[in-house]
Amino acid sequence: MRSVAVFTDTYLPTVNGVTYTVKAWRDCWADRGGRMDVVYPRTDGYAARAGEYPVESLPFPFYPGFRLGIPWIPRRVRDVDVVHAHTPFAVGLAGLRLARRTNRPFVASYHTPTAEYADYVAPSDAVERLVERVSERYERWFLDHADAVLAPSDATAAHLTDEVGVSAPVTVVPNGIDTERFRPVDTAAFRARHGLDDAGTLLGYTGRHGYEKRLGDLVAAAATLDVTVVFGGDGPAREELERRATERGVDARFLGFLDREELPAFYSALDAFVFPSPIETQGLVALEANACGTPVVGANDGALADTVEDGVTGYHFETADVESLRDSIQRTLAERERLKTSCLDRRDRHGVDRAVDRLADVYDRIS
């Protein structure tokens, strides 16, 4: 197995799709006898383990909870066979510099369309449009330095080549999920622990509560339904979501960040997982929910247009259309048992082992 140095701007203890992917790939790589070191921004609450190298970091003022790492190259990762960046910024630049300095193959994973977050830093629409254009140009510059660009879905690969204009080779490597962990489980203890014993039909979402996720649409759609909405996670939009739920009389429960060990029970407890975000590059939580037998109501945009199989693992709705979202929720609830069966029939297609098989093929091809 080749030795790899991974450079990422987000890692443990932060919980998100990038962190999960890096950790899952690293564990699987190690299980196969390989070495995959991780360079990431130092943060409180996590002690580095063997092969993990935190670099000094500063809080990012425009996005609470995110930290910018100094683009430093730890001495102990300078002898690797392959350099792999999971970010184009800060720490990712250190990865690019290491690859250039040592003439090693350079791989770049594309996880987040940075232009979609322009409204966090732009004071006006005009500035936001400027930031979006600059972000895409920068992404194109960074990714075109890679020997291989990895996209987690066909939709994201098409976005990179057709819209961002990336000319480097783009390969689809799904992030994959742990199908041993994510399976249907008993939910009685979870419901009791989180005060959900009194709840009937459960709709839910877990992940970052960012404004770009459009979680307010879920609250609006639930206002005329006899349901309880359960939110796992946290983020800058939480306070506004709580206010909206109160104003509309929605029974919404905010659980905060859940331990990863609790997520199978969270997904299994839901009658439907609702994912209004139009900007996902794959949507791992949708696949995790499906693996637990829970159908997904997802936006018909971005990678969710592919990740959710309409009428098979859930239903789509038109982004920002609350009536469309409500209709898809009702349809999903009415067909839940049939959808649950088809979700479970497809769960093994998305295992992390398959993803790492493809990853190894990419490393071999460019080395």
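Everything numeric here is computed off the predicted structure, so don't read it as measured data.
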Might you work through the side chain to side chain contact (heavy atoms under 4.5 Å, CB included) test for Thr8 and Tyr40, ending with a clear yes or no?
CA-CA 5 Å; Thr8 175; Tyr40 62 98; 4.0 Å; yes
Closest non-hydrogen atom pair between Asp353 and Cys28, with its separation
OD1-SG, 3.1 Å
Report yes or no: does Thr187 contribute a side-chain atom to a donor-acceptor pair with the main-chain N or O of Ala265 at less than 3.5 Å?
no
If we ignore angles and hydrogens, is there a donor and acceptor under 3.5 Å between the side chains of Arg326 and Thr224?
yes
Where do Ala237 and Gly210 come nearest, in terms of heavy atoms and distance?
CB-C, 4.0 Å
Hydrophobic clusters here meaning ILVMFWY residues chained together by side-chain heavy-atom distances under 4.5 Å, can you tell me if Tyr363 and Val22 are in one?
yes
Gap separating the CD atom of Glu212 from the CD atom of Glu280, nearest 0.5 angstrom:
8.5 Å
Count the heavy atoms belonging to other residues, nucleotides or ligands that lie under 6.0 Å from CZ of Arg338, then report whether that count exceeds 12.
yes
Less than 3.5 Å apart, any donor N or O on the side chain of Thr319 or Asp301 sitting next to an acceptor on the other?
yes
Report yes if some heavy atom in the side chain of Thr307 is under 4.5 Å from a heavy atom in the side chain of Phe275; otherwise report no.
no
Could you tell me whether Arg260 and Glu288 make a salt bridge, using a distance below 4.0 angstrom between a side-chain N and a carboxylate O?
yes
In one Ile/Leu/Val/Met/Phe/Trp/Tyr side-chain cluster, 4.5 Å: Leu258, Val229
yes
With a 3.5 Å cut-off and no angle check, do the side chains of His350 and Thr179 form a donor-acceptor pair?
no
Would you indicate whether the side-chain heavy atoms of Tyr11 and Val91 approach each other to under 4.5 Å?
no
Mind listing the closest non-hydrogen atom pair of Gly283 and Leu304 along with its distance?
CA-CD2, 4.3 Å
For the pair His86 (side chain) and Val6 (backbone), establish whether a donor and an acceptor sit closer than 3.5 Å, ignoring hydrogens and angles.
no
Side-chain heavy atoms of Asp364 within contact of Arg2, under 4.5 Å
yes
Short side-chain donor-acceptor distance under 3.5 Å, Asn16 and Thr19:
yes
Answer yes if Trp29 and Val77 sit in the same cluster of Ile, Leu, Val, Met, Phe, Trp and Tyr residues linked by side chain heavy atoms under 4.5 Å apart, and no otherwise.
no
Using only atom types and a distance under 3.5 Å, with no angle test, would you say the side chain of Asp310 pairs donor to acceptor with the backbone of His316?
yes
Main-chain N/O of Leu325 paired to Ser328 side chain as donor or acceptor, under 3.5 Å:
no
Non-hydrogen side-chain atoms of Pro295 and Arg336 separated by less than 4.5 Å:
yes
Any side-chain donor-acceptor pair under 3.5 Å between Arg67 and Thr14?
no
Run the side chain to side chain contact (heavy atoms under 4.5 Å, CB included) check on Arg101 and Ile73 step by step: do they pass?
CA-CA 11 Å; Arg101 179 184 299 174; Ile73 304 171; 4.1 Å; yes
Any sub-3.5 Å donor-acceptor pair from Arg253's side-chain atoms to Gly195's backbone N or O?
yes
Does a side-chain heavy-atom distance below 4.5 Å link Tyr267 with Val185?
no
Kindly assign one of parallel, tilted or perpendicular to the pair Phe190 and His194, based on the angle between their ring planes and the thresholds 30° and 60°.
tilted
With a 4.5 Å cut-off on side-chain heavy-atom distances among I, L, V, M, F, W and Y, is there a chain of contacts connecting Trp72 to Leu96?
yes
Any side-chain to backbone donor/acceptor pair from Asn290 onto Cys343? Under 3.5 Å, distance only.
no
Do the two ring centres, one from Phe142 and one from Tyr110, sit under 6.0 Å apart?
no
Side-chain heavy-atom pair Arg32, Asp357 within 4.5 angstrom cut-off
yes
What is the minimum heavy-atom distance between Asp9 and Ala90, and which atoms define it?
OD1-CB, 3.6 Å
Restricting to non-hydrogen atoms, name the atom on Pro184 and the atom on Ala291 that form the minimum distance, rounded to 0.1 Å.
CD-O, 3.7 Å
Verify the cluster assignment for Leu160 and Val107: are they in a single hydrophobic cluster under the rule of side-chain heavy atoms below 4.5 Å apart?
no
Side chain to side chain donor-acceptor pair (under 3.5 Å) partner of Arg244, chosen from Glu247, Glu240, Glu242
Glu240
Polar side-chain atom of Arg347 near backbone of Leu344 as donor-acceptor pair, under 3.5 Å
no
One pair to check against side chain to side chain contact (heavy atoms under 4.5 Å, CB included): Leu215 and Val219. What are the steps and the verdict?
CA-CA 7 Å; Leu215 299 177; Val219 173; over 6 Å; no
Salt bridge (Lys or Arg N to Asp or Glu O under 4.0 Å) assessment of Asp361 paired with Arg365
CA-CA 6 Å; Asp361 289 342; Arg365 188 177 72 240; over 6 Å; no
When you measure from the side chain of Asp259 to the backbone of Glu261, do you find a donor-acceptor pair of N or O atoms at a distance under 3.5 Å?
no
Worked check of salt bridge (Lys or Arg N to Asp or Glu O under 4.0 Å) between Asp81 and Arg35:
CA-CA 10 Å; Asp81 300 319; Arg35 167 191 164 198; over 6 Å; no
Rounded to the nearest 0.5 angstrom, the CE-CG distance for Met1 and Asp31 is 10.0 Å
Between Arg97 (side chain) and Pro71 (backbone), is there a donor-acceptor pair under 3.5 Å?
yes
Parallel, tilted or perpendicular, as decided by the 30° and 60° cut-offs, for the rings of His84 and Trp25
tilted
Is it the case that atom CG in Asp197 sees more than 12 heavy atoms from other parts of the structure closer than 6.0 Å?
yes
Main-chain N/O of Pro278 paired to Arg214 side chain as donor or acceptor, under 3.5 Å
no
Distance check, rounded to the nearest 0.5 Å: Thr332 atom OG1 versus Asp271 atom CG?
11.0 Å
Start with the C-alpha gap between Asp144 and Arg140, add the side-chain angles, then the distance that decides, and say whether salt bridge (Lys or Arg N to Asp or Glu O under 4.0 Å) holds.
CA-CA 6 Å; Asp144 277 343; Arg140 182 167 60 249; 5.3 Å; no
Check whether any side-chain heavy atom of Leu287 lies under 4.5 Å from a side-chain heavy atom of Gln282, and answer yes or no.
yes
Mind checking whether Asn175 and Tyr20 have side chains closer than 4.5 Å, heavy atoms only?
no
Evaluate side chain to side chain contact (heavy atoms under 4.5 Å, CB included) for Val82 paired with Ser367, printing each intermediate quantity in order.
CA-CA 8 Å; Val82 178; Ser367 296; 3.8 Å; yes
Looking only at heavy atoms, the pair that brings Val4 and Val80 closest together is C-CG1, 3.9 Å
Using 0.5 Å steps for rounding, measure from the CG atom of Leu333 to the CG atom of Leu202.
10.5 Å
